[in-house]
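Taking it in order: structure first as structure tokens, then the write-up.
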Amino acid sequence: MAITDLQILETRLTPIALDAYLKSDPAAIIALIGYELPSTAAEGKVKSKFTVQWPIIKKQLERWVGERKTGTVADVSFQFGSERFHITDEADLDALNDESTLLRLDQVAQEQGTAYAIGEPRYLWSPCRDNHLCWTGQNFFDTGHPHLPGGSETFDNLFTRTVSSSTPPPWALQYPTPAEVVTELEWIWNKLVENALWKAGMTDLTAIGLEPQLAVMCYDMRTAQAFEAVARKARIQDLDTLEQLDNPWYQGFRVVYDPEYAGLGNALTNVVDYIWAQPNGPRPVLYSRPIPQRFRTKADEFDTNKIFFGPDGKLAYAPGFPQSAIRVQPPGGG
């Protein structure tokens, strides 16, 4: 197979994989969990490791009395390590003259693009899912996070759900009822606002929108289904009175199901993570694409008579701002 033939095949498969990548719903999840930093590739320097300095600022208006006073800006460091990702398949070079083989490769390329889109948020969320250390020096989900480096003001974004505690509200059984979901969402929303708006001063809380800013990350299918049912039903039933009540959270949040929870070693857990994706606000994950997703083909004609094809790219990511998310776990952490 000539080089030109490889280029023709790449030209054929690239738009198929890219179209599937862009149309895939999981790609939209990244907008909820992550904030993208400018790529270093624009400077022609693809680094394997790099550090980003980010100012954590709290300013307030003061009366001007006496000499003008200057404030301080606290910078925190985010450490990024770039990793390469790929999806690669192979085909026989001799079979590429067969139209049925080419049609099959079209389908494979489409699946590759979809799988790449699904994989990106899975890896980007992993530092938070597995509760890695963040800029505060503590686990991303923890108690007593400082709002400012070295500051005395703190916040919690890790809570344990127990029968005897009201913070957060308990579930009577292993999985929540619709009414329990609504109660927990109200409590979580207030706590997220409290954590995130600690420096805002006067705030019109009624002007803060919900959907699609609030995302609920579930790691157990039955738990995810309980939340999803509340998200799509305008009315829910009170199990005590059997009365149909208006649902204040109808279409008010997104439900994301993540079956991979290797950090706790238990895929069937009732841990629930809540994310507030404020417009232009902080995110739980910071990330960059030093090498954006691309599609390539390569022939190995002399050794195996194979052609290898598929998308690859490079991602750099790190835990971001813990005040933008809250984890609620059962006793024992899940």
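Every value quoted in this text rests on a predicted model; they were computed, and no experiment measured them.
- Of the N and O atoms on the side chains of Tyr21 and Gln110, not one donor lies less than 3.5 Å from an acceptor on the other residue.
- Under 4.0 Å is where a charged nitrogen must lie from a carboxylate oxygen, and between Arg289 and Glu120 at least one such pair does.
- A donor-acceptor pair under 3.5 Å is formed between the side chain of Glu10 and the backbone N or O of Thr297.
- Put simply, the side chain of Gln112 gets close to the backbone of Phe309: a donor and an acceptor are under 3.5 Å apart.
- Between His132 and Phe140, the gap from one ring centroid to the other reaches at least 6.0 Å.
- Looking at Asn131, its side chain does come within 3.5 Å of a backbone N or O of Phe141 through a donor-acceptor pair.
- Residues Tyr219 and Asp273 have side chains that bring a donor and an acceptor to within less than 3.5 angstrom of each other.
- At most 12 non-hydrogen atoms from other residues, nucleotides or ligands lie less than 6.0 angstrom from CZ of Arg104.
- Between Phe85 and Tyr123, the angle of the ring planes lies from 30° to 60°, which puts this pair in the tilted group.
- Put simply, the residue from Leu32, Leu192, Ile275 that forms a side chain to side chain contact (heavy atoms under 4.5 Å, CB included) with Leu214 is Leu192.
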Quiz item: What do the steps show when you test Glu184 against Tyr274 for side chain to side chain donor-acceptor pair (under 3.5 Å), and what is the final call?
Solution: CA-CA 11 Å; Glu184 180 155 308; Tyr274 298 88; 2.4 Å; yes
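- Judged purely by atom type and a 3.5 angstrom limit, Asn247 uses its side chain to pair as donor or acceptor with the backbone of Val230.
- In this structure, the side chain of Gln251 does not engage the main chain of Ala231 through any donor-acceptor pair within 3.5 Å.
- Taking the six-membered ring where tryptophan is involved, the planes of Phe253 and Trp249 are perpendicular, since the angle between them exceeds 60° and thus also 30°.
- Under the 3.5 Å distance criterion, the side-chain polar atoms of Arg327 are matched with a main-chain donor or acceptor of Arg129.
- Residues Leu185 and Val328 fall within the same hydrophobic cluster, defined by Ile, Leu, Val, Met, Phe, Trp and Tyr side chains chained together at heavy-atom separations under 4.5 Å.
- The cluster map of Ile, Leu, Val, Met, Phe, Trp and Tyr, joined by side-chain heavy atoms under 4.5 Å apart, puts Leu124 and Ile118 in different clusters.
- For the pair Ser324 (side chain) and Phe321 (backbone), a donor-acceptor distance under 3.5 Å is present.
- His145 and Thr154 share no donor-acceptor pair across their side chains, judged by distance under 3.5 Å alone.
- Between the side chains of Gln323 and Trp276, no donor-acceptor pair of N or O atoms lies under 3.5 Å.
- Between Trp187 and Phe159, the ring center distance clears the sub-6.0 Å criterion.
- The two residues Pro169 and Arg161 make their nearest non-hydrogen contact at O-CG, 3.7 Å.
- A 6.0 Å sphere centred on CZ of Arg222 holds no more than 12 heavy atoms belonging to other residues, nucleotides or ligands.
- Here the side chain of Asp142 pairs no donor or acceptor atom with the backbone of Asn157 at under 3.5 angstrom.
- Cluster annotation: Tyr250 and Val181 are assigned to distinct hydrophobic clusters (Ile/Leu/Val/Met/Phe/Trp/Tyr, side-chain heavy-atom contacts under 4.5 Å, transitive).
- Of the possible donor and acceptor atoms, one in the side chain of Trp64 sits under 3.5 Å from a partner among the backbone N and O of Gly66.
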Exercise. Run the numbers on Gln225 and Tyr257 for side chain to side chain donor-acceptor pair (under 3.5 Å), then give the verdict.
Key: CA-CA 9 Å; Gln225 290 172 334; Tyr257 172 54; over 6 Å; no
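- Cluster membership for Leu245 and Phe227, using ILVMFWY side-chain heavy atoms within less than 4.5 angstrom, is not shared.
- With hydrogens and angles ignored, the 3.5 Å screen pairs no side-chain donor or acceptor of Asp75 with any backbone N or O of Gln53.
- Look at Asp92 and Lys306 and you find a salt bridge, because one of the NZ, NE, NH1 or NH2 atoms lies within 4.0 Å of a carboxylate O, short of that distance.
- No single ILVMFWY cluster, assembled from side-chain heavy atoms under 4.5 Å apart, contains both Phe155 and Ile188.
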